[in-house]
Amino acid sequence: MALTLNTLPSLRLSSIHANRVRFQSSLSPVSVSFSRRRLSVVAAETDANEVKSKASDKAPAGGGSSFNQLLGIKGAAQETNKWKIRLQLTKPVTWPPLVWGVVCGAAASGNFHWTIEDVAKSIACMLMSGPFLTGYTQTINDWYDREIDAINEPYRPIPSGAISENEVITQIWVLLLGGLGLAGLLDVWAGHDFPTVFYLALGGSLLSYIYSAPPLKLKQNGWIGNFALGASYISLPWWAGQALFGTLTPDIIVLTLLYSIAGLGIAIVNDFKSVEGDRALGLQSLPVAFGAETAKWICVGAIDITQLSVAGYLLGAGKPYYALALLALIGPQVFFQFKYFLKDPVKYDVKYQASAQPFLVLGLLVTALATSH
(Lines give C-alpha, C1' and ligand atoms only; values in the text may rest on other atoms or scores of the structure.)
Protein backbone atom coordinates (compact mmCIF):
# COMPACT_ATOMS: atom_id res chain seq x y z
CA MET A 1 0.00 0.00 0.00
CA ALA A 2 2.09 3.06 -0.09
CA LEU A 3 1.18 6.20 -0.92
CA THR A 4 0.26 2.66 0.94
CA LEU A 5 -0.09 -1.57 -0.25
CA ASN A 6 2.81 -2.06 -2.47
CA THR A 7 5.76 -8.78 -7.70
CA LEU A 8 7.99 -9.97 -9.46
CA PRO A 9 9.20 -13.57 -9.79
CA SER A 10 12.36 -12.08 -11.14
CA LEU A 11 13.57 -8.58 -10.40
CA ARG A 12 15.48 -6.75 -13.08
CA LEU A 13 16.88 -3.37 -12.36
CA SER A 14 18.87 -0.94 -14.50
CA SER A 15 21.67 1.19 -13.16
CA ILE A 16 21.07 4.85 -13.78
CA HIS A 17 23.75 7.14 -15.07
CA ALA A 18 23.92 10.76 -14.07
CA ASN A 19 22.26 11.82 -17.34
CA ARG A 20 19.17 9.68 -16.83
CA VAL A 21 16.08 10.21 -14.76
CA ARG A 22 15.46 9.14 -11.12
CA PHE A 23 13.76 10.05 -7.72
CA GLN A 24 13.84 8.21 -4.43
CA SER A 25 15.36 5.05 -6.12
CA SER A 26 17.56 4.10 -9.27
CA LEU A 27 19.51 1.18 -11.09
CA SER A 28 21.66 -0.59 -13.91
CA PRO A 29 21.41 -4.01 -15.47
CA VAL A 30 20.61 -6.03 -12.46
CA SER A 31 19.34 -9.54 -12.67
CA VAL A 32 18.19 -11.51 -9.73
CA SER A 33 18.21 -15.28 -9.76
CA PHE A 34 17.71 -17.97 -7.18
CA SER A 35 20.10 -20.89 -7.25
CA ARG A 36 21.28 -23.28 -4.57
CA ARG A 37 18.90 -21.50 -2.18
CA ARG A 38 20.90 -18.32 -2.55
CA LEU A 39 19.88 -15.01 -4.04
CA SER A 40 22.57 -13.92 -6.44
CA VAL A 41 22.57 -10.40 -7.66
CA VAL A 42 24.54 -9.32 -10.69
CA ALA A 43 24.66 -5.56 -10.90
CA ALA A 44 26.73 -3.05 -12.75
CA GLU A 45 29.36 -1.65 -10.42
CA THR A 46 29.00 1.84 -9.06
CA ASP A 47 31.98 3.98 -8.29
CA ALA A 48 32.27 3.25 -4.57
CA ASN A 49 35.19 5.57 -4.04
CA GLU A 50 33.34 8.48 -5.60
CA VAL A 51 30.26 7.85 -3.47
CA LYS A 52 32.34 7.59 -0.30
CA SER A 53 34.06 10.84 -1.16
CA LYS A 54 30.71 12.60 -1.56
CA ALA A 55 29.42 11.00 1.61
CA SER A 56 32.27 12.37 3.65
CA ASP A 57 31.62 15.85 2.25
CA LYS A 58 27.90 15.87 3.00
CA ALA A 59 27.57 13.69 6.07
CA PRO A 60 25.57 15.27 8.91
CA ALA A 61 27.57 17.40 11.28
CA GLY A 62 28.33 15.79 14.60
CA GLY A 63 27.64 12.32 13.28
CA GLY A 64 23.88 12.84 13.01
CA SER A 65 21.07 11.64 15.23
CA SER A 66 20.52 8.02 16.27
CA PHE A 67 16.81 8.75 16.62
CA ASN A 68 16.65 10.07 13.04
CA GLN A 69 18.52 6.95 11.93
CA LEU A 70 15.87 4.64 13.40
CA LEU A 71 13.06 6.68 11.84
CA GLY A 72 14.79 6.76 8.45
CA ILE A 73 14.82 10.55 8.08
CA LYS A 74 17.40 13.14 7.09
CA GLY A 75 20.19 13.87 9.56
CA ALA A 76 20.61 10.23 10.60
CA ALA A 77 23.72 9.00 12.36
CA GLN A 78 26.02 6.64 10.49
CA GLU A 79 25.28 3.10 11.65
CA THR A 80 27.05 -0.25 11.25
CA ASN A 81 24.42 -2.50 12.86
CA LYS A 82 22.73 -4.23 9.89
CA TRP A 83 19.34 -4.58 11.56
CA LYS A 84 19.25 -0.86 12.36
CA ILE A 85 20.23 -0.13 8.76
CA ARG A 86 17.48 -2.43 7.49
CA LEU A 87 14.97 -0.60 9.68
CA GLN A 88 16.25 2.75 8.40
CA LEU A 89 15.60 1.65 4.81
CA THR A 90 11.94 0.98 5.62
CA LYS A 91 11.54 4.56 6.94
CA PRO A 92 9.29 3.92 9.97
CA VAL A 93 8.40 7.62 10.01
CA THR A 94 6.27 6.94 6.89
CA TRP A 95 4.21 4.13 8.48
CA PRO A 96 1.72 6.16 10.60
CA PRO A 97 -0.32 7.58 7.65
CA LEU A 98 -0.90 4.04 6.40
CA VAL A 99 -1.85 2.82 9.85
CA TRP A 100 -4.23 5.77 10.17
CA GLY A 101 -5.70 4.95 6.75
CA VAL A 102 -6.62 1.48 8.00
CA VAL A 103 -8.28 3.07 11.05
CA CYS A 104 -10.31 5.36 8.78
CA GLY A 105 -11.37 2.46 6.56
CA ALA A 106 -12.44 0.39 9.54
CA ALA A 107 -14.42 3.36 10.90
CA ALA A 108 -16.05 4.02 7.52
CA SER A 109 -17.19 0.39 7.27
CA GLY A 110 -19.54 0.87 10.21
CA ASN A 111 -18.86 -2.75 11.16
CA PHE A 112 -15.83 -2.46 13.40
CA HIS A 113 -16.46 -3.48 17.01
CA TRP A 114 -14.16 -3.25 20.01
CA THR A 115 -13.76 -7.01 20.29
CA ILE A 116 -10.48 -8.90 20.59
CA GLU A 117 -10.96 -10.39 17.12
CA ASP A 118 -11.66 -7.09 15.35
CA VAL A 119 -8.77 -5.37 17.11
CA ALA A 120 -6.46 -8.24 16.12
CA LYS A 121 -7.65 -8.03 12.50
CA SER A 122 -7.01 -4.30 12.39
CA ILE A 123 -3.51 -4.68 13.87
CA ALA A 124 -2.69 -7.35 11.27
CA CYS A 125 -3.93 -5.02 8.51
CA MET A 126 -1.80 -2.20 9.93
CA LEU A 127 1.27 -4.47 9.93
CA MET A 128 0.60 -5.35 6.31
CA SER A 129 0.14 -1.72 5.26
CA GLY A 130 2.93 -0.19 7.36
CA PRO A 131 6.03 -2.25 8.18
CA PHE A 132 5.64 -4.76 5.34
CA LEU A 133 4.31 -2.96 2.26
CA THR A 134 5.36 0.59 3.09
CA GLY A 135 8.72 -0.85 4.13
CA TYR A 136 8.89 -2.62 0.76
CA THR A 137 7.98 0.61 -1.04
CA GLN A 138 10.60 2.68 0.75
CA THR A 139 13.35 0.08 0.32
CA ILE A 140 12.77 -0.38 -3.40
CA ASN A 141 12.53 3.39 -3.79
CA ASP A 142 15.89 3.90 -2.07
CA TRP A 143 17.38 1.17 -4.26
CA TYR A 144 16.31 2.87 -7.48
CA ASP A 145 17.20 6.27 -6.01
CA ARG A 146 20.74 5.46 -5.01
CA GLU A 147 22.23 7.64 -7.77
CA ILE A 148 20.25 10.72 -6.78
CA ASP A 149 20.86 10.02 -3.09
CA ALA A 150 24.57 10.07 -3.91
CA ILE A 151 23.97 13.74 -4.77
CA ASN A 152 21.40 14.77 -2.14
CA GLU A 153 22.21 12.44 0.78
CA PRO A 154 25.34 10.42 -0.04
CA TYR A 155 25.65 9.17 3.52
CA ARG A 156 22.42 7.13 3.21
CA PRO A 157 22.86 3.33 3.60
CA ILE A 158 22.86 2.30 -0.07
CA PRO A 159 25.05 4.99 -1.72
CA SER A 160 27.47 4.91 1.23
CA GLY A 161 27.89 1.14 0.95
CA ALA A 162 26.69 0.49 4.51
CA ILE A 163 24.50 -2.34 3.19
CA SER A 164 25.24 -4.59 0.22
CA GLU A 165 23.17 -4.92 -2.95
CA ASN A 166 22.42 -8.56 -2.11
CA GLU A 167 21.08 -7.59 1.31
CA VAL A 168 18.87 -4.84 -0.14
CA ILE A 169 17.34 -7.15 -2.76
CA THR A 170 16.69 -9.80 -0.12
CA GLN A 171 14.93 -7.24 2.06
CA ILE A 172 12.74 -6.12 -0.85
CA TRP A 173 11.54 -9.68 -1.46
CA VAL A 174 10.99 -10.56 2.19
CA LEU A 175 8.86 -7.46 2.82
CA LEU A 176 6.88 -7.84 -0.40
CA LEU A 177 6.09 -11.54 0.03
CA GLY A 178 5.40 -11.06 3.74
CA GLY A 179 2.90 -8.28 3.01
CA LEU A 180 1.12 -10.22 0.27
CA GLY A 181 1.00 -13.34 2.44
CA LEU A 182 -0.52 -11.37 5.30
CA ALA A 183 -3.09 -9.87 2.91
CA GLY A 184 -4.15 -13.35 1.81
CA LEU A 185 -4.51 -14.46 5.43
CA LEU A 186 -6.69 -11.43 6.18
CA ASP A 187 -9.07 -12.41 3.35
CA VAL A 188 -9.36 -15.91 4.80
CA TRP A 189 -9.89 -14.49 8.28
CA ALA A 190 -12.63 -12.14 7.04
CA GLY A 191 -14.35 -14.97 5.14
CA HIS A 192 -14.11 -13.21 1.77
CA ASP A 193 -15.28 -15.17 -1.28
CA PHE A 194 -13.14 -12.83 -3.40
CA PRO A 195 -9.66 -11.97 -2.02
CA THR A 196 -10.22 -8.21 -2.00
CA VAL A 197 -7.47 -7.33 0.46
CA PHE A 198 -4.91 -9.47 -1.41
CA TYR A 199 -5.67 -7.78 -4.73
CA LEU A 200 -5.51 -4.34 -3.14
CA ALA A 201 -2.10 -5.26 -1.72
CA LEU A 202 -0.98 -6.65 -5.08
CA GLY A 203 -2.17 -3.55 -6.94
CA GLY A 204 -0.51 -1.25 -4.43
CA SER A 205 2.74 -3.22 -4.71
CA LEU A 206 2.68 -2.88 -8.49
CA LEU A 207 1.98 0.84 -8.17
CA SER A 208 4.97 1.18 -5.85
CA TYR A 209 7.20 -0.65 -8.31
CA ILE A 210 6.24 1.40 -11.38
CA TYR A 211 6.49 4.56 -9.26
CA SER A 212 10.19 3.95 -8.61
CA ALA A 213 11.42 1.68 -11.41
CA PRO A 214 12.06 2.27 -15.10
CA PRO A 215 10.71 2.29 -17.72
CA LEU A 216 7.50 3.90 -16.37
CA LYS A 217 9.02 5.47 -13.26
CA LEU A 218 5.95 7.55 -12.41
CA LYS A 219 7.95 9.81 -10.14
CA GLN A 220 9.57 11.34 -13.20
CA ASN A 221 6.36 13.33 -13.60
CA GLY A 222 5.53 15.61 -10.67
CA TRP A 223 1.77 15.41 -11.22
CA ILE A 224 1.32 11.68 -11.85
CA GLY A 225 3.99 10.59 -9.38
CA ASN A 226 2.73 12.69 -6.50
CA PHE A 227 -0.89 11.70 -7.08
CA ALA A 228 0.14 8.02 -7.10
CA LEU A 229 1.97 8.66 -3.83
CA GLY A 230 -1.06 10.41 -2.35
CA ALA A 231 -3.37 7.56 -3.37
CA SER A 232 -0.99 5.03 -1.83
CA TYR A 233 -0.96 6.81 1.50
CA ILE A 234 -4.66 7.71 1.72
CA SER A 235 -6.85 5.59 -0.57
CA LEU A 236 -5.25 2.14 -0.49
CA PRO A 237 -5.03 1.64 3.29
CA TRP A 238 -8.53 3.09 3.70
CA TRP A 239 -9.84 0.62 1.09
CA ALA A 240 -8.08 -2.27 2.82
CA GLY A 241 -9.52 -1.37 6.21
CA GLN A 242 -13.02 -0.91 4.84
CA ALA A 243 -12.91 -4.12 2.76
CA LEU A 244 -11.68 -6.07 5.79
CA PHE A 245 -14.65 -5.08 7.96
CA GLY A 246 -17.34 -4.20 5.43
CA THR A 247 -17.95 -3.47 1.75
CA LEU A 248 -15.90 -1.15 -0.41
CA THR A 249 -18.41 0.98 -2.34
CA PRO A 250 -17.94 3.16 -5.48
CA ASP A 251 -18.76 6.39 -3.64
CA ILE A 252 -16.03 5.72 -1.08
CA ILE A 253 -13.55 4.96 -3.86
CA VAL A 254 -14.32 8.32 -5.51
CA LEU A 255 -14.22 10.23 -2.22
CA THR A 256 -10.87 8.78 -1.16
CA LEU A 257 -9.35 9.38 -4.60
CA LEU A 258 -10.46 12.99 -4.26
CA TYR A 259 -8.77 13.12 -0.87
CA SER A 260 -5.64 11.77 -2.57
CA ILE A 261 -5.26 15.16 -4.27
CA ALA A 262 -4.48 16.48 -0.80
CA GLY A 263 -1.94 13.65 -0.62
CA LEU A 264 -0.44 15.03 -3.83
CA GLY A 265 0.05 18.34 -2.04
CA ILE A 266 1.70 16.64 0.92
CA ALA A 267 4.05 14.80 -1.45
CA ILE A 268 5.11 18.10 -3.04
CA VAL A 269 6.32 19.29 0.38
CA ASN A 270 9.02 16.63 0.27
CA ASP A 271 10.15 17.61 -3.25
CA PHE A 272 11.64 20.95 -2.24
CA LYS A 273 14.58 19.43 -0.37
CA SER A 274 15.56 17.34 -3.44
CA VAL A 275 15.60 20.06 -6.09
CA GLU A 276 19.37 19.89 -6.61
CA GLY A 277 19.44 16.17 -7.34
CA ASP A 278 16.16 16.22 -9.29
CA ARG A 279 17.42 18.94 -11.59
CA ALA A 280 20.78 17.21 -12.08
CA LEU A 281 19.11 13.98 -13.19
CA GLY A 282 16.30 15.60 -15.17
CA LEU A 283 13.47 14.67 -12.80
CA GLN A 284 10.49 16.95 -13.36
CA SER A 285 9.27 17.42 -9.81
CA LEU A 286 6.92 20.38 -9.48
CA PRO A 287 9.51 22.66 -7.77
CA VAL A 288 11.86 21.94 -10.69
CA ALA A 289 9.19 22.33 -13.38
CA PHE A 290 7.46 25.46 -12.02
CA GLY A 291 10.00 26.94 -9.62
CA ALA A 292 9.77 26.98 -5.84
CA GLU A 293 7.48 30.01 -5.61
CA THR A 294 4.76 28.59 -7.87
CA ALA A 295 5.13 25.04 -6.57
CA LYS A 296 4.51 26.00 -2.96
CA TRP A 297 1.17 27.60 -3.91
CA ILE A 298 0.22 24.53 -5.95
CA CYS A 299 1.03 22.49 -2.87
CA VAL A 300 -1.15 24.40 -0.39
CA GLY A 301 -3.90 24.79 -3.00
CA ALA A 302 -4.11 21.03 -3.54
CA ILE A 303 -4.31 20.43 0.22
CA ASP A 304 -6.84 23.14 1.08
CA ILE A 305 -9.15 23.04 -1.95
CA THR A 306 -9.47 19.26 -1.66
CA GLN A 307 -10.57 19.44 1.97
CA LEU A 308 -12.98 22.30 1.25
CA SER A 309 -14.49 20.19 -1.55
CA VAL A 310 -14.94 17.24 0.81
CA ALA A 311 -16.58 19.53 3.38
CA GLY A 312 -18.94 20.71 0.65
CA TYR A 313 -19.73 17.10 -0.25
CA LEU A 314 -20.56 16.29 3.39
CA LEU A 315 -22.78 19.38 3.63
CA GLY A 316 -24.61 18.36 0.45
CA ALA A 317 -25.02 14.84 1.82
CA GLY A 318 -26.95 16.21 4.78
CA LYS A 319 -24.14 15.97 7.34
CA PRO A 320 -23.59 19.61 8.35
CA TYR A 321 -21.95 18.88 11.71
CA TYR A 322 -19.28 16.73 10.10
CA ALA A 323 -18.77 19.40 7.43
CA LEU A 324 -18.33 22.07 10.12
CA ALA A 325 -15.90 19.86 12.04
CA LEU A 326 -13.82 19.42 8.88
CA LEU A 327 -13.83 23.17 8.23
CA ALA A 328 -12.63 23.76 11.79
CA LEU A 329 -9.69 21.43 11.11
CA ILE A 330 -8.75 23.21 7.87
CA GLY A 331 -8.25 26.56 9.65
CA PRO A 332 -5.13 25.60 11.65
CA GLN A 333 -3.57 24.06 8.53
CA VAL A 334 -3.90 27.36 6.66
CA PHE A 335 -2.40 29.20 9.65
CA PHE A 336 0.69 26.93 9.68
CA GLN A 337 1.03 27.18 5.91
CA PHE A 338 1.50 30.93 6.20
CA LYS A 339 3.59 30.71 9.36
CA TYR A 340 6.05 28.10 8.08
CA PHE A 341 5.66 26.58 4.65
CA LEU A 342 5.00 29.63 2.47
CA LYS A 343 7.86 31.51 4.16
CA ASP A 344 10.50 28.87 3.38
CA PRO A 345 9.40 25.37 2.25
CA VAL A 346 12.91 23.96 2.66
CA LYS A 347 13.82 25.45 6.04
CA TYR A 348 10.46 24.84 7.68
CA ASP A 349 9.24 21.65 5.97
CA VAL A 350 9.54 19.49 9.10
CA LYS A 351 7.98 22.11 11.38
CA TYR A 352 5.13 22.64 8.93
CA GLN A 353 4.36 18.93 8.56
CA ALA A 354 4.55 18.32 12.31
CA SER A 355 2.21 21.26 12.98
CA ALA A 356 -0.33 21.00 10.16
CA GLN A 357 -0.66 17.36 9.21
CA PRO A 358 -2.24 16.16 12.48
CA PHE A 359 -5.25 18.34 11.59
CA LEU A 360 -5.41 16.84 8.10
CA VAL A 361 -5.39 13.26 9.36
CA LEU A 362 -8.05 14.10 11.95
CA GLY A 363 -10.11 15.43 9.06
CA LEU A 364 -9.76 12.05 7.37
CA LEU A 365 -11.25 10.37 10.43
CA VAL A 366 -14.10 12.91 10.55
CA THR A 367 -14.87 12.08 6.91
CA ALA A 368 -14.70 8.36 7.59
CA LEU A 369 -17.11 8.63 10.52
CA ALA A 370 -19.46 10.74 8.41
CA THR A 371 -19.60 8.10 5.68
CA SER A 372 -20.25 5.32 8.17
CA HIS A 373 -23.61 6.84 9.25
Side-chain angles (χ1 to χ4, degrees), residues 1-5 93-115 118-130 134 197 200 229-249 251-267 302-337 352-373:
M1 296 187 169
L3 174 114
T4 156
L5 299 156
V93 73
T94 63
W95 301 350
L98 285 293
V99 170
W100 190 255
V102 172
V103 171
C104 291
S109 73
N111 292 321
F112 176 84
H113 302 95
W114 288 101
T115 63
D118 280 5
V119 170
K121 280 182 186 176
S122 64
I123 291 173
C125 193
M126 292 171 187
L127 287 172
M128 174 196 71
S129 303
T134 305
V197 178
L200 286 172
L229 201 60
S232 295
Y233 275 88
I234 294 175
S235 299
L236 284 168
W238 180 316
W239 296 350
Q242 184 154 348
L244 182 61
F245 293 101
T247 303
L248 187 57
T249 56
D251 59 323
I252 289 296
I253 292 174
V254 172
L255 183 63
T256 50
L257 286 175
L258 174 62
Y259 237 123
S260 297
I261 299 174
L264 177 151
I266 295 169
I303 293 171
D304 298 343
I305 293 172
T306 296
Q307 293 177 93
L308 289 170
S309 300
V310 173
Y313 166 81
L314 294 178
L315 186 62
K319 298 174 181 178
Y321 296 114
Y322 288 103
L324 288 172
L326 185 55
L327 287 173
L329 291 168
I330 295 171
Q333 295 176 62
V334 175
F335 171 78
F336 288 119
Q337 285 164 1
Y352 164 67
Q353 294 189 74
S355 303
Q357 287 193 18
F359 295 98
L360 185 143
V361 298
L362 283 174
L364 279 170
L365 183 58
V366 167
T367 305
L369 292 170
T371 59
S372 71
H373 292 84

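Only this structure's heavy atoms are used, side chains among them; waters, hydrogens and symmetry mates stay out. Given the structure is predicted, the values throughout are model-derived calculations rather than measurements.
The structure places CH2 of W95 at 8.5 Å from OG1 of T134, a figure rounded to the nearest 0.5 Å. The OG atom of S129 sits 14.5 Å away from the CH2 atom of W100 when rounded to the nearest 0.5 Å. Atom CG of L314 is separated from atom CG of L255 by 7.0 Å, given to the nearest 0.5 angstrom. Separation of atoms CG (L244) and SG (C125) is listed at 5.0 Å; rounding is to 0.5 Å. Once rounded to the nearest 0.5 Å, the distance linking NZ of K319 with CG of L369 reads 10.0 Å.
Remark: A325 engages V366 in a side chain to side chain contact (heavy atoms under 4.5 Å, CB included) (not counting sequence neighbours). Remark: V254 engages no residue in a side chain to side chain contact (heavy atoms under 4.5 Å, CB included) (not counting sequence neighbours). For Y313, the ring pair (Phe, Tyr, Trp, His ring centres under 6.0 Å) test picks out no residue, with sequence neighbours left out. Under the ring pair (Phe, Tyr, Trp, His ring centres under 6.0 Å) criterion, F245 pairs with F112, not counting sequence neighbours. Legend: residues meeting side chain to side chain contact (heavy atoms under 4.5 Å, CB included) with L127, ordered by chain and number and at least two apart, are I123, P131, L182. In this structure, the side chain to side chain contact (heavy atoms under 4.5 Å, CB included) partners of S309, at least two apart in sequence or on a different chain, are L258, I305.
Of all heavy-atom pairs between A107 and S372, the closest is O-CB, 3.1 Å. Pairing each heavy atom of A302 with each of I261, the nearest pair is CB-O, 3.6 Å. Heavy-atom minimum distance, Y352 versus I303: OH-CD1, 3.7 Å. Shown here for Q353 and P358, the closest heavy-atom pair between the two residues is O-CD, 3.7 Å. A231 and S260 get closest at one heavy-atom pair: CA-OG, 3.3 Å. Listed here is the closest heavy atom pair of S235 and L257: OG-N, 3.6 Å.
Side-chain contact between V334 and I330 is present, with at least one heavy-atom pair separated by less than 4.5 Å. Considering only heavy atoms from C-beta on, Y322 stays 4.5 Å or farther from T371 through its side chain. With a 4.5 Å cut-off on side-chain heavy atoms, L360 and I266 count as touching. The shortest distance between side-chain heavy atoms of T367 and Q307 does not fall below 4.5 Å.
Of the possible polar contacts, none joining the Q333 side chain to the Q357 backbone as a donor-acceptor pair under 3.5 Å is found. Without hydrogens or angle criteria, T115 side chain to D118 main chain gives a donor-acceptor distance under 3.5 Å. Side chain of T256 to backbone of I253: a donor-acceptor contact under 3.5 angstrom is found. Of the possible polar contacts, none joining the T306 side chain to the Y259 backbone as a donor-acceptor pair under 3.5 Å is found.
No hydrogens or angles considered: nothing links the side chains of N111 and S109 as a donor-acceptor pair under 3.5 Å.
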